[in-house]
Asks: 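Below you will find the structure I want to go over with you.
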Amino acid sequence: MSVCLRSLRALPRGKLISSRSQEFSVSLCHVTRDYHVTSTAALRWTKSGNVNLLIRTVDNTNTCLGLLSLSVPRRYVNTAPNKRAEYYLRQHGLKQKRAKDWIMMSVSILLLMLGISAAAVPLYKVFCSATGYGGTTKKHNEEDNAKVKTMQPVDWRPVKVSFTATVNPGLDWEFIPVQDSVALVPGETCLAFFTAKNNSSRVITGISTYNVTPFEAGAYFNKIQCFCFDEQTLNPGEELDMPVFFYIDPEFVLDPDLIRIKCQNVQLHYTFFDTDQESSRFSQLGKDVTAFLKGERTSPPEFNVPTEDSSVVQINPEVYRQVKRKGYEKDFVDKGVTVVCHVTGFLPDDDKKVFWSTKGGNPFTYKAGVGSVIDGWDEGVMGMSEGEISTIFMSSNKGYGKIGNRSWNIPGHTNIAFEIEILAIR
């Protein structure tokens, strides 16, 4: 009997109490002297709430050897929930709720920061244009049109307006003012021009910001027509003239701060930035992170010139040429000539994997020294003679750089080489 009771104690307490509609039983086989007997215990809930315990013992021939029935009144049955279990469940629920709250708060803050960063430029433009803060010129509106028609120039207070321009590092543009400065008086309109030229080999879209110094003069510097905060797209080699039509408000002469500093010179400054997402630093940062996670290079590999080889001609620290067969040495590749050649491009650091070859097909024709090919190729082929076969090795900076070449499946930061056979020089 004690064995059967111990087995009953092992039953799940919570299930026995909470599931009145179910019946739980346990069987135990054991040996009493020379007999093999089996004891079965069953626990039942009655409609009145009492608990009945029934224990039946049989031998191996299923003959009943004993029967014990025990009834526990309802008032002795503990149906109250376990307070400690409830406490743990409540604490677990609170932890889950806190975790969800932190996730929602983090996502909300992230979305808020993204929204603020996206709206920062237009909001700053609106604020500064309305207030002249930080030397930003005020926005010209419809009320100013009537003012321009009726305002009187202040001839006794001449002002010299000078123009300066810069480009953000990484933007291969030439951006300069057409005129260095103009002399005018408050209340007089003036037209000035800036010139931008795209010196790169790709289409670039730029956007400009501006400011006026001294800062106090920005509130009186009004632009009727301007190219600032407007995207300007230039093709390779394209040049564009951009006008700025402005005037200085006559109230400029009444400002006490400008009187105190005896302001007679005002400077209008523009800065152009690259908006091309393929070349922006944020896009490149994302690519570097992706490349790092994929196990790809995120920085240029080493590039060494084999100085002990007599067939090597060093062009510069990042380009060298290895001569395989000398040419006729009559006509040489120079800037502006047309070169007809067979080319085989390969990756020297990747078991000389070939990514492009014209052998067996039509030769490649290009004009040397004008940017028709990548820098390393253009620099390495200079001086080669007709009939010569040489391999030009170049660092990643002189090849496809950190972007690589998707068409030929060349990853970024990869040293490359070209075996070039000069067929003709025209």
Asks: Ignoring hydrogens, what is the shortest heavy-atom contact between Leu234 and Asn198? Give both atom names and the distance.
Replies: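 That would be O-ND2, 3.0 Å.
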
Asks: Taking it one step at a time, do Lys330 and Glu386 satisfy salt bridge (Lys or Arg N to Asp or Glu O under 4.0 Å)?
Replies: CA-CA 7 Å; Lys330 291 182 179 180; Glu386 187 173 327; over 6 Å; no

Asks: How about Asp349 and Thr414: do any of their side-chain heavy atoms sit closer than 4.5 Å?
Replies: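 Asp349 vs Thr414: side chains apart.
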
Asks: Work out which heavy atom in His413 is nearest to a heavy atom in Pro301; give both atom names and the distance.
Replies: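 Between these two residues, the closest heavy atoms are O-CD, 3.2 Å.
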
Asks: Does any N or O in the side chain of Asp378 come within less than 3.5 Å of the main-chain N or O of Gly369, such that one atom is a donor and the other an acceptor?
Replies: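 Yes.
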
Asks: Would Val167 and Phe273 count as a side-chain contact (heavy atoms from CB on, under 4.5 Å) here? Give the steps.
Replies: CA-CA 6 Å; Val167 294; Phe273 297 86; over 6 Å; no

Asks: Are Pro236 and Ser200 close enough that some pair of their side-chain heavy atoms sits under 4.5 Å apart?
Replies: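 Of all side-chain heavy-atom pairs linking Ser200 with Pro236, none is under 4.5 Å.
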
Asks: Is there side-chain contact between Tyr210 and Thr271, with heavy atoms separated by less than 4.5 Å?
Replies: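 Sidechains of Thr271 and Tyr210: no contact.
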
Asks: Hey, is CG on Asp241 packed in by over 12 heavy atoms from elsewhere, all under 6.0 Å?
Replies: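 Buried by this count: over 12 neighbours within 6.0 Å.
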
Asks: Looking at side-chain heavy atoms only, is the closest gap between Glu388 and Val323 below 4.5 Å?
Replies: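 Yes, their side chains come closer than 4.5 Å.
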
Asks: May I have the step-by-step check of side chain to side chain donor-acceptor pair (under 3.5 Å) for Asn397 and Ser395, ending in yes or no?
Replies: CA-CA 5 Å; Asn397 294 329; Ser395 69; 4.6 Å; no

Asks: How about Trp356 and Ile416: do any of their side-chain heavy atoms sit closer than 4.5 Å?
Replies: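 Sidechains of Ile416 and Trp356: no contact.
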
Asks: In Å, rounded to the nearest 0.5 Å, how long is the span from CZ of Phe252 to CD1 of Ile259?
Replies: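 Between Phe252 CZ and Ile259 CD1, I get 9.5 Å after rounding to 0.5 Å.
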
Asks: As an exercise, state the distance from OG of Ser108 to CG of Asp101, rounded to the nearest 0.5 Å.
Replies: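 One finds 10.5 Å between OG of Ser108 and CG of Asp101.
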
Asks: Below 6.0 angstrom between ring centroids: does that apply to Tyr320 and Phe303?
Replies: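 Distance test on ring centres: under 6.0 Å, yes.
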
Asks: Quick one: are the ring centres of Phe272 and Tyr270 less than 6.0 Å apart?
Replies: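 No, ring centres 6.0 Å or more apart.
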
Asks: Before you tell me yes or no, could you show the steps for Tyr220 and Asp255 under side-chain contact (heavy atoms from CB on, under 4.5 Å), namely the whole-Å CA-CA distance, both residues' side-chain angles and the distance that decides it to 0.1 Å?
Replies: CA-CA 9 Å; Tyr220 304 100; Asp255 189 284; 2.6 Å; yes

Asks: What's the shortest heavy-atom distance between Ile315 and Gly380, and which atoms?
Replies: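 Nearest heavy atoms, Ile315 then Gly380: CG1-CA, 4.1 Å.
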
Asks: Could you work out, with ring-ring contact (aromatic ring centres under 6.0 Å, His included) as the rule, every residue matching Phe332, not counting sequence neighbours?
Replies: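 Scan of Phe332 (ring-ring contact (aromatic ring centres under 6.0 Å, His included), adjacent residues dropped) gives none.
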
Asks: Short question: side chain of Arg321, backbone of Met382 - any donor-acceptor pair under 3.5 Å?
Replies: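 Yes, Arg321 side chain to Met382 backbone: donor-acceptor pair under 3.5 Å.
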
Asks: Tell me whether Lys324 is salt-bridged to Glu419, with the criterion being a basic N under 4.0 Å from an acidic carboxylate O.
Replies: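 Yes, Lys324 and Glu419 are salt-bridged.
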
Asks: Closest approach of Cys228 and Ser208, non-hydrogen atoms and distance?
Replies: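 Looking at all heavy atoms of both residues, the shortest contact is CA-OG, 3.2 Å.
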
Asks: From Met394 CE over to Asn316 CG, what is the distance, rounded to the nearest 0.5 angstrom?
Replies: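 Nearest 0.5 Å value for the CE-CG distance: 10.0 Å.
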
Asks: Please output the side-chain donor-acceptor pairs of residues 171-190 that fall under 3.5 Å, not counting sequence neighbours, one pair per line with the distance.
Replies:
from: Gln179; atom 1: OE1; to: Phe193; atom 2: N; distance (Å): 3.3
from: Gln179; atom 1: NE2; to: Phe193; atom 2: O; distance (Å): 3.0
from: Glu188; atom 1: OE1; to: Val185; atom 2: N; distance (Å): 3.2

Asks: Atom OG of Ser201 and atom CG of Asp375: how far apart are they, to the nearest 0.5 Å?
Replies: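 Between Ser201 OG and Asp375 CG, I get 8.0 Å after rounding to 0.5 Å.
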
Asks: Enter the distance from Phe221:CZ to Phe246:CZ here, rounded to the nearest 0.5 Å.
Replies: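 One finds 4.0 Å between CZ of Phe221 and CZ of Phe246.
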
Asks: Checking Val203 against Thr233 for the side-chain contact (heavy atoms from CB on, under 4.5 Å) test, could you report, in this order, the C-alpha distance in whole Å, the side-chain angles of both residues, the deciding distance, and whether it holds?
Replies: CA-CA 7 Å; Val203 178; Thr233 301; 3.6 Å; yes

Asks: Taking the side chain as every heavy atom from C-beta outward, state whether Val212 and Val266 have any atom pair closer than 4.5 Å.
Replies: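 Result yes, sub-4.5 Å side-chain heavy-atom pair found.
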
Asks: Taking only distance into account, with no hydrogens and no angle test, what donor-acceptor pairs under 3.5 Å do side-chain atoms of residues 333-346 form with protein atoms, sequence neighbours excluded?
Replies:
from: His342; atom 1: ND1; to: Thr358; atom 2: O; distance (Å): 3.3
from: His342; atom 1: ND1; to: Thr358; atom 2: OG1; distance (Å): 3.1
from: Thr344; atom 1: OG1; to: Ser357; atom 2: OG; distance (Å): 3.2

Asks: Taking everything shown except Phe245 itself, do over 12 heavy atoms lie less than 6.0 Å from its CZ?
Replies: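 Atom CZ in Phe245 is crowded, with more than 12 foreign heavy atoms closer than 6.0 Å.
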
Asks: I'd like to know if Glu421 and Arg325 make a salt bridge, using a cut-off of under 4.0 Å between side-chain N and carboxylate O.
Replies: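 Looking at Arg325 together with Glu421, the answer is yes, because their closest N to O distance falls below 4.0 Å.
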
Asks: If you measure from the Lys or Arg side-chain nitrogens to the Asp or Glu carboxylate oxygens, is any gap between Glu379 and Lys398 under 4.0 Å?
Replies: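 Looking at Lys398 together with Glu379, the answer is yes, because their closest N to O distance falls below 4.0 Å.
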
Asks: Give me the atom names and distance for the closest heavy-atom approach of Gly237 to Lys197.
Replies: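 That would be O-CE, 4.0 Å.
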
Asks: Quiz question: by atom type and distance under 3.5 Å, do the side chains of Thr164 and His269 form a donor-acceptor pair?
Replies: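 Indeed, the side chains of Thr164 and His269 share at least one donor-acceptor pair under 3.5 Å.
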
Asks: The test is side-chain contact (heavy atoms from CB on, under 4.5 Å); show your working for Val381 and Tyr366 and say whether it passes.
Replies: CA-CA 12 Å; Val381 81; Tyr366 75 100; 3.2 Å; yes

Asks: Before accepting this row, confirm whether a basic side-chain N of the pair Asp257/Arg260 lies closer than 4.0 Å to the acidic partner's carboxylate O.
Replies: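 Yes, this pair counts.
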
Asks: Got Ile420 and Trp377 here, is their nearest side-chain heavy-atom distance under 4.5 Å?
Replies: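 The answer is yes, as the side chains (C-beta and beyond) meet within the 4.5 Å cut-off.
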
Asks: Quick check: closest heavy atoms across Leu258 and Pro214, and the distance to 0.1 Å?
Replies: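 Closest approach of Leu258 to Pro214: CD2-CG, 4.4 Å.
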
Asks: What I want to find out is whether Arg202 reaches Asp274 closely enough, with some N-O distance under 4.0 Å, to be called a salt bridge.
Replies: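 Asp274 and Arg202: salt-bridged.
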
Asks: Just verifying a value: how many Å separate Leu347 CG and Asn415 CG, rounded to the nearest 0.5 Å?
Replies: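 One finds 9.5 Å between CG of Leu347 and CG of Asn415.
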
Asks: Decide yes or no for Gln232 and Asp230: does some side-chain heavy atom of the first lie under 4.5 Å from some side-chain heavy atom of the second?
Replies: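 Contact flag for Gln232/Asp230 side chains = yes.
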
